[in-house]
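Encoded as structure tokens, the structure appears first; notes follow it.
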Amino acid sequence: MIKNGSSLVDRLVLNPVQRDAVVYDGGPELVFAGAGTGKTRVLTSKIAYLIDKGVPPGKIFAATFTNKAAREMRTRVEDLTGMPVEGLWIGTFHSLCVRILRREGRSLGYVPHFTIYDSSDQLSLMKKVLKSLEVDDRSMSPRQALGIISNYKNGCITSGELEGRVSGFFEQELLKVYKTYQKLLKEQQAMDFDDLLSNTVFLFRGNEELLRKYQSFFDYVLVDEYQDTNAAQFELIKLLSGRHRRIFAVGDDDQSIYGWRGAKVENILSFEKQFPDTKVFKLEQNYRSTKAILSFANSAIAENHYRAAKQLWTDRSGGEQVTVHRYRDDRQEADTVAKRIASSVNGKLRGGDIAVLFRTNAQSRSFEEAFRKHKIPYVLVGGTGFYERAEIKDCLAYLRLIVNPCDNVSFERVFNVPARGLGDKALESLSAAAAEKNSSLLETLLSIDASLLGSRCQKGFSDLKSIFELLKEKSGCSPHEVLHSVLHLSGYMDMLTNEGSEESLGRVENINELSSALGAWSGENPEKKLADFLEEVTLISDVDSWERKEDAVNLMTLHCAKGLEFKHVFLVGLEDGIIPSRQNIDDEVKTEEERRLLYVGATRAMEKLECSHVDQRWRFGDLLRSSPSRFLSSIPEELFQFKDESSSFGQIQASFQSRTPVRPVNTVRQTEMPERPSYDDFSQDTVEYRMGQHVKHKVYGRGRILQISGFGDDMKLTVLFNDGARRKLMARFANFESI
DNA sequence: GGCGTAAGACTTTTT
DNA sequence: GTCTTACGCC
């Protein structure tokens, strides 16, 4: 396969710009890599090139966006170099940081086997924090508090730094919450996702010697998807490459879609300022899509102002025209897409070559139903993952407690599962004892006489105590055996089998699946421990476990689709309020991110792109009317073909824009829609309402309309009144007074 | 003091 | 439509 004598760089299949980017070795380097321009190829070639030049793999730090990308890149590098690349630091920022924190976290007060809290664990902890601080839950919701704290952490701002900087009651309150939340995390030897990044930064900030050690430990710092790095990741990169400045970043500002998670497009746009003497390469030749698709995507993204100048091109001329379909409702949309897929799949085009991409997970439902109905195999990427199921989380909570007995969140999750007569009062008395001993709940339970806790729950406590005593003895066994013991000693399996319902049978099946997954994992990683399994399971992402199946159509969100490609792509639900999302529609910066999301979706397609929007969509059990996405109206008509299928005859219409006027934001007005005979009854609406409209109610006073749902006699209005209450009213009974 | 039922909130996107 | 929370019952 490999010609002897030729150097590796000659064997790499690269165009001139790609090649220049791979061999450049003169300091900071930024590669703008548009969609489909061979970004992964450049990155893997670069790593292979460095290794071939004699850089030990262990001296390369390469951050990718998903674990899947890391796995694939490792394999490709091994293919290119022809040898295993032991010791290469490649992974997501989160997993690379965990690796550093497990080694060095002691100086931050963490044991090596600390627990990683996922978002539901975070929520449990935050609820506890707000309760203990007696924060009025009307002024601050747990989610809101977590969101703000997450922003602080992504910016590496400690609660200490906030001190003295905050004013106002809410901020003072929040600071207390932030402090308590962090204090509890540390007491429980747990970190949330944000901590993994920020704590690594704090570790290096606070320890010059350690920083120097890691600065010389890594000779090269490579970052994929640079446009989606946040402030913490940026600082980490800067710290690690501080000595040698050998930093190589690849990204595409047009594909920055994680701003809501703290990612900063500025990182890529101001890279040259941050790292002087940067050499910039621009990959603009697209090898993925047809010209028709690329023109459509280019035109959509051209509306954005905040972006680096560039223009993707391809020498693949022509291709099938992009189509935009209009459907009556989301059911028709799903059904028609399913039918079209069924008829287009053949020997050359398999289900696995096709993807249906949507903005929100909720949209997947109608497609799942339609695919089942038409017997089309599909895989849904994401949604509620296996490891988020209650029974799986319960099992994992037991396992976590064996690894880390300080983990009170896990303890509270399972201390009465299966039910053993322990409730709030029992927890209260144990908590009090734990506070007195300055110890965790489980450790307290194990160390004290159960009879000291309330008389009523003694039996339960002594049962629980002996369960964990027995489990402790098993902690030296293989992870698989430990899980087995958990399931049987805790009574969890008995609980499910005794119940005997269909649901509990499903749960048993899931647990068996977990058990075999753990067994298989142990087989593949004999040297790894239970703690490693728990870590992997927590840091796993939706796409990580996705594998293209030959015949299964892929259903996923636009975010999940990043980095993937499919021959045929269906971009569905292109409506105002969906994309751009309702909560981002009034904000210019956020709307630009939504447009990039559309761009990401469109550029996933290789041969055929089919877009759609619907007139009405079910939401919360109500039928909501929608209008085509504003993004569509900025794309020149000649770049796509519009097909109105909302009346079931699917006649082709010459023009998109002339038939479907762009309507003002969120107005609900039947008459603005093009004529649709079957829906004439809408016009019976006698009163018109707008989102945001101010109204005055006889009883509740003044307020503002937040949402309108249903139509005709069923129209419901959600109104936020000035007394702070949110009420849902039937429009026809509302009888608002004139203002 | 725990357990079951009904109203209530709720959906953007995820490591 | 689904998951969470509050309340009343046993």
Side-chain angles (χ1 to χ4, degrees), chain A residues 63-70 91-98 116-120 122-124 127 137 141-143 147 150 153-154 191-197 225 228-230 232-233 256-263 357-366 369 381-385 387-388 390 416 419-429 454-457 460 535-544 556-562 573 577-585 590 593-594 596-598 600-601 617-624 706-707 709 718 726-728:
Chain A
T64 60
F65 201 70
T66 61
N67 296 295
K68 181 177 145 63
T92 61
F93 269 104
H94 289 88
S95 58
L96 291 168
C97 285
V98 172
I116 302 166
Y117 279 173
D118 68 15
S119 20
S120 69
Q122 285 184 50
L123 203 59
S124 315
K127 282 179 188 161
D137 52 3
S141 77
R143 271 171 207 285
S150 174
K153 292 202 213 173
N154 283 327
M191 295 194 199
D192 66 19
F193 287 132
D194 301 318
D195 285 330
L196 299 178
L197 306 175
E225 307 280 10
D228 282 321
T229 51
N230 62 26
Q233 291 162 335
S256 166
I257 53 173
Y258 283 90
W260 52 275
R261 207 169 80 181
L357 307 181
F358 35 77
R359 174 73 237 266
T360 67
N361 281 308
Q363 288 168 261
S364 71
R365 185 169 215 94
S366 47
E369 279 169 22
V381 184
T384 308
Y387 288 101
E388 281 153 49
N416 195 37
R420 36 181 88 88
L422 300 173
D424 285 349
K425 290 285 156 177
L427 184 62
E428 248 170 62
S429 67
S455 56
R456 239 180 139 151
C457 39
E535 172 191 318
E536 279 186 32
V537 153
T538 313
L539 292 181
I540 205 165
S541 76
D542 291 332
V543 275
D544 285 340
M556 65 185 90
T557 63
L558 290 162
H559 283 89
C560 269
K562 188 170 87 159
I578 304 275
I579 179 163
S581 144
R582 212 159 65 80
Q583 34 273 82
N584 295 341
I585 214 159
K590 289 178 178 172
E593 181 159 311
E594 297 281 322
R596 292 194 290 265
L597 213 38
L598 175 69
V600 167
R617 181 174 292 284
W618 288 98
R619 202 177 166 163
F620 297 130
D622 287 324
L623 201 54
L624 280 176
L706 290 184
Q707 198 183 37
S709 63
T718 308
R726 188 188 283 219
R727 297 183 179 89
K728 212 170 185 180

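In what follows, every chain begins at residue 1, and chains take the letters A, B, ... in the order their sequences are listed. Predicted, not measured: the structure shown is a model, and the values here were computed from it.
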What protein N or O atoms touch nucleotides 7-10 of chain C N or O atoms at under 3.5 angstrom, if any, and at what distances?
none

Inset, instruction - Using the P atom on both, measure B:dT13 against C:dT4 and round to a whole Å. - result: 15 Å
I'd like a table of atom pairs between the protein and nucleotides 2-6 of chain C - only N or O on both sides, under 3.5 Å - with the distance next to each one.
unit_1: C:dT2; atom_1: OP1; unit_2: A:R365; atom_2: NH2; d: 2.9
unit_1: C:dT5; atom_1: OP1; unit_2: A:K127; atom_2: NZ; d: 2.7

Inset, instruction - Specify the closest pair of heavy atoms between A:I579 and A:L598, including all atoms of both residues, with the distance to one decimal. - result: CD1-N, 3.8 Å
Inset, instruction - Apply side-chain contact (heavy atoms from CB on, under 4.5 Å) to A:N361 and A:T557, showing your working. - result: CA-CA 6 Å; A:N361 281 308; A:T557 63; 3.2 Å; yes
Legend entry - For atom CG of A:N416 and atom P of B:dG4, their distance in whole Å: 11 Å
Inset, instruction - For A:R420, report the nucleic acid contact type (base, sugar-phosphate, nothing); a contact means any heavy atom under 4.0 Å. - result: nothing
Legend entry - Flag, side chain of A:N416 to backbone of A:L422, donor-acceptor distance under 3.5 Å: yes
Legend entry - By ring-ring contact (aromatic ring centres under 6.0 Å, His included) - contacts of A:H559 (at least two apart): A:Y258, A:W260
Inset, instruction - Sequence neighbours left out, what passes salt bridge (Lys or Arg N to Asp or Glu O under 4.0 Å) with A:E428? Give chain and number order. - result: none
Inset, instruction - Look at A:E593 together with A:R596 and state whether they make a salt bridge at an N to O cut-off of under 4.0 Å. - result: yes
Inset, instruction - For C:dT5 versus B:dT12, give the span between their C1' atoms, rounded off to a whole number of Å. - result: 23 Å
Legend entry - Closest non-hydrogen atom pair, A:K153 against A:A232: O-CB, 4.4 Å
Inset, instruction - State, to 0.1 Å, how close A:S95 and A:L539 come at their nearest heavy-atom pair, and which atoms those are. - result: CA-CD1, 3.9 Å
Polar atom pairs (N or O), protein with nucleotides 12-15 of chain B, under 3.5 Å:
unit_1: B:dT12; atom_1: OP1; unit_2: A:Q583; atom_2: NE2; d: 2.6
unit_1: B:dT12; atom_1: OP2; unit_2: A:Q583; atom_2: OE1; d: 3.2
unit_1: B:dT12; atom_1: OP2; unit_2: A:Q583; atom_2: NE2; d: 2.5
unit_1: B:dT12; atom_1: O2; unit_2: A:R359; atom_2: NH1; d: 2.6
unit_1: B:dT12; atom_1: O2; unit_2: A:R359; atom_2: NH2; d: 2.3
unit_1: B:dT12; atom_1: O4; unit_2: A:N584; atom_2: OD1; d: 3.4
unit_1: B:dT13; atom_1: OP1; unit_2: A:N361; atom_2: N; d: 2.7
unit_1: B:dT13; atom_1: OP1; unit_2: A:N361; atom_2: ND2; d: 3.0
unit_1: B:dT13; atom_1: O4'; unit_2: A:R359; atom_2: NH2; d: 3.4
unit_1: B:dT13; atom_1: O2; unit_2: A:W260; atom_2: NE1; d: 3.2
unit_1: B:dT13; atom_1: O2; unit_2: A:R359; atom_2: NH2; d: 2.4
unit_1: B:dT14; atom_1: OP1; unit_2: A:T557; atom_2: OG1; d: 3.0
unit_1: B:dT14; atom_1: OP2; unit_2: A:N361; atom_2: ND2; d: 3.3
unit_1: B:dT15; atom_1: OP1; unit_2: A:S541; atom_2: OG; d: 3.1
unit_1: B:dT15; atom_1: OP1; unit_2: A:D542; atom_2: N; d: 3.4
unit_1: B:dT15; atom_1: O4'; unit_2: A:R261; atom_2: NH1; d: 3.4
unit_1: B:dT15; atom_1: O3'; unit_2: A:H94; atom_2: ND1; d: 3.4
unit_1: B:dT15; atom_1: O2; unit_2: A:H94; atom_2: NE2; d: 3.0

Legend entry - Heavy-atom pair of closest approach, residues A:G601 and A:L558: CA-CD2, 3.6 Å
Legend entry - Residues forming a ring-ring contact (aromatic ring centres under 6.0 Å, His included) with A:F93, sequence neighbours excluded: none
